[in-house]
Amino acid sequence: MEPLAPHEKIFVDSDIVEDENHGEIACHECHGGNPDDPNWKTAHKGVVKDPTYPDATSACGDCHDEINEHYPKSLHVSLRPYKLITDARANPNAVVRNKLGCAMNAHCYQCHSSCGQCHISRPNSVEGGFLDGHLFQKKPPMQEVCTACHGARVEKEYFGENEGTQPSIHRQKYMKCDKCHTGEEMHGDGKEYANRYEVENGPKCLDCHKEIYDREAKNVIAHRIHKDKASCHVCHAQPYKNCSACHVGKDKNGLPFYKSKAAWLDFKIGLNPLKSEKKPEKFVILRHANVDRHTFDFYVKDALSNFDALPTWKLATPHNVRLKTPQNSSCNACHGNESLFLLERDVEDAEKEANKGVIVPASMIPRKQKWQPK
Amino acid sequence: MKYLRYVCLLIISCLILILGNPLLVQAYEDTQCFICHTSAKKLIEITREIAKTRPAAKSAETEGEG
C-alpha cells in the first residue's frame with residue numbers, strides 16, 4: 001500500500017467539530033501536549049500519537065466502557081497466539097528467553113492493532129496516517145485498514161490477485177470483511193483465546209450456509225458424506241500463498257528488518273492440528289507459516305530450541321473460496337489425488353519431525369470412488 | 001409565580017441548546033492544535049522541516065512477503 005504524504009497523514013478535517021459524539025473533545029484531552037503553545041516543537045512535548053494503545057481507557061473508555069473492558073484480550077491487541085506459539089518452541093534457558101523476548105518486542109509484537117489504528121488511522125505497519133482527516137470511522141474501511149495488514153495473504157486471495165486464481169465468491173457478492181468478522185469479534189469478548197479458531201463469536205461458514213445438510217439442498221449427499229471429515233475449505237478453497245524462513249534483525253542504523261524467502265502458491269490438505277469439538281474435521285487446509293528454526297538468530301542462537309513442538313504447516317482458511325473448484329469437480333478429482341495432500345515428501349527434512357502430526361500418510365488418502373453421485 | 005418559573009427554565013434551556021455548542025466549538029477551534037492541523041500549508045512546511053532532520057523510519061533491508 002502506497003503510504004500517504006507526511007502532511008496528509010496528520011491533516012485534520014475541520015468537519016470533526018460537527019461530530020456530535022467526538023467533536024467536543026479537544027485534541028489535548030486524548031493526545032496531551034500544550035494546545036496554547038504556538039511553537040509546534042514545544043507544543044508537541046508529551047504528545048501521545050496513539051492514546052488507545054496499549055490502554056484505551058482514558059481515550060475511549062469513558063463512553064465505550066464495555067468494548068474497552070474486553071479490548072486488551074482481543075487477539076488484535078493481545079497477540080496471544082504469537083506468544084503461546086513462540087513459548088512452545090522457545091529455549092527454556094532464562095537468558096535466551098530474555099533475548100528472545102527483546103526480539104519479539106522489536107518485531108512480532110509491533111504488528112498489533114488498537115482502537116485508533118482501525119477507526120481513525122491506517123495501521124502503523126503501513127506507516128499510519130488518518131483515514132479521513134481524523135473523522136471517526138464506525139466501520140473501518142476494508143482496504144485501508146483490514147487488508148493493509150492482512151495484505152500478503154488475505155487480500156490477494158480475496159481479490160483473486162494470486163496468479164491463476166479467481167476472487168472469492170464472497171468478494172464477487174461485494175461482501176466486505178465485516179460481513180463475517182463482526183465488530184464484536186474484533187473487539188473481543190473478554191475471554192483469552194489461544195488462536196482465532198477458538199473465538200466463540202468468530203465466523204463460521206454454517207452461520208450463513210446452514211441449509212447445506214437439508215434433504216432438499218443441492219449437493220446434500222456430498223455435504224453429508226464429508227461432514228466432520230473435511231473442512232469447507234478442503235473442497236472450496238483455491239491455491240493460496242505460503243511463506244517460509246522469516247528472519248528478523250536490525251540494520252546498521254538500528255532499524256528492524258524482516259526477511260523471508262519468496263512466497264509460493266500451493267494447495268495442501270493435511271491432518272487437522274487443532275482438532276476439537278468446534279473444529280472436528282479430520283482433513284483441513286494447511287499453510288506453511290513464515291517461521292524458521294533460525295528466525296531469531298540475529299538476537300540469540302538457538303532461541304527456538306524446541307522448534308519441533310509445533311507444526312510449521314498450520315491450519316488455514318484461505319479467503320478465496322468458490323462454489324466450484326478443481327478438487328470438487330468430481331469425487332475422484334480429490335480421492336486418490338496424492339498431489340493435493342501434504343505427504344512426507346512435500347516437507348523439508350529439517351521440518352519433518354515438527355510436522356509429523358499433520359502429514360497425511362499415503363494409507364489415509366481417500367481411495368478413488370467407483371460410484372459417484374450425479 | 002409558578003408559571004413564570006417554568007418560562008424562565010424554558011428560556012434558559014433554549015439558550016443552552018442554541019448557544020452552548022457554538023461556544024464549545026469556538027474554544028476547540030482556537031487551539032493551536034486545530035489551527036495547525038487543519039491547514040495543509042502549515043503541515044507541509046512543518047513536515048518538510050521534520051523530514052530534513054529525521055532519518056528513514058523503515059529499514060531498506062526488509063524483503064519478502066508475510
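Convention: sequence-line order gives letters A, B, ...; per-chain numbering from 1. Just so it is clear, the structure is predicted and the values come from calculations on it, not from any experiment.
With a threshold of 4.5 angstrom between heavy atoms, Lys9(A) does not approach chain B through any atom at all. Contacts of Ala60(B) with chain A are made by backbone atoms alone, with heavy-atom separations under 4.5 Å and no side-chain atom involved. Interface remark: Glu8(A) contributes no atoms to any contact with chain B (heavy atom separation under 4.5 Å). If you measure heavy-atom distances from Lys58(B) to chain A, the contacts under 4.5 Å come from both the backbone and the side chain. Residue contact with chain A, scored on non-hydrogen atoms closer than 4.5 Å, involves the backbone and the side chain of Cys33(B) alike. Of the two parts of Ile16(A), only the side chain, counted from C-beta on, holds a non-hydrogen atom closer than 4.5 Å to a non-hydrogen atom of chain B. Both the backbone and the side chain of Asp251(A) come within less than 4.5 Å of a heavy atom of chain B. Of the atoms belonging to Asp37(A), it is backbone heavy atoms, and not side-chain ones, that fall under 4.5 Å from chain B. Looking at His247(A), there are no atoms closer than 4.5 Å to chain B (heavy atoms on both sides), in backbone or side chain. Pro38(A) touches chain B through backbone and side chain together, each having a heavy atom under 4.5 Å away.
The residues Arg122(A) and Glu127(A) are annotated as not salt-bridged, no charged nitrogen and carboxylate oxygen being separated by less than 4.0 angstrom. Between Glu49(B) and Lys41(A) there is a salt bridge, since at least one side-chain N of the basic residue sits less than 4.0 Å from a carboxylate O of the acidic one.
Chain B forms the most heavy-atom pairs under 4.5 Å with one residue out of Gly254(A), Gly249(A), Ala152(A), and that residue is Ala152(A). The most heavy-atom pairs under 4.5 Å with chain A, out of Ile50(B), Ile46(B), Ile35(B), come from Ile46(B).
For His134(A) and Phe136(A), the ring centers are positioned less than 6.0 Å apart. Here the two rings, on His107(A) and Tyr299(A), have centers that are under 6.0 Å apart.
Around NZ of Lys261(A), the count of heavy atoms belonging to other residues, nucleotides or ligands within 6.0 Å does not exceed 12.
Of all heavy-atom pairs spanning Leu135(A) and Asp13(A), the tightest one is CD1-OD2, 3.9 Å. Shown here for Lys241(A) and Ala263(A), the closest heavy-atom pair between the two residues is CD-CB, 3.5 Å.
Ring-plane geometry between Phe298(A) and Phe257(A) is classed as perpendicular, the angle between the planes exceeding 60 degrees on a 0 to 90 degree scale with a lower cut at 30.
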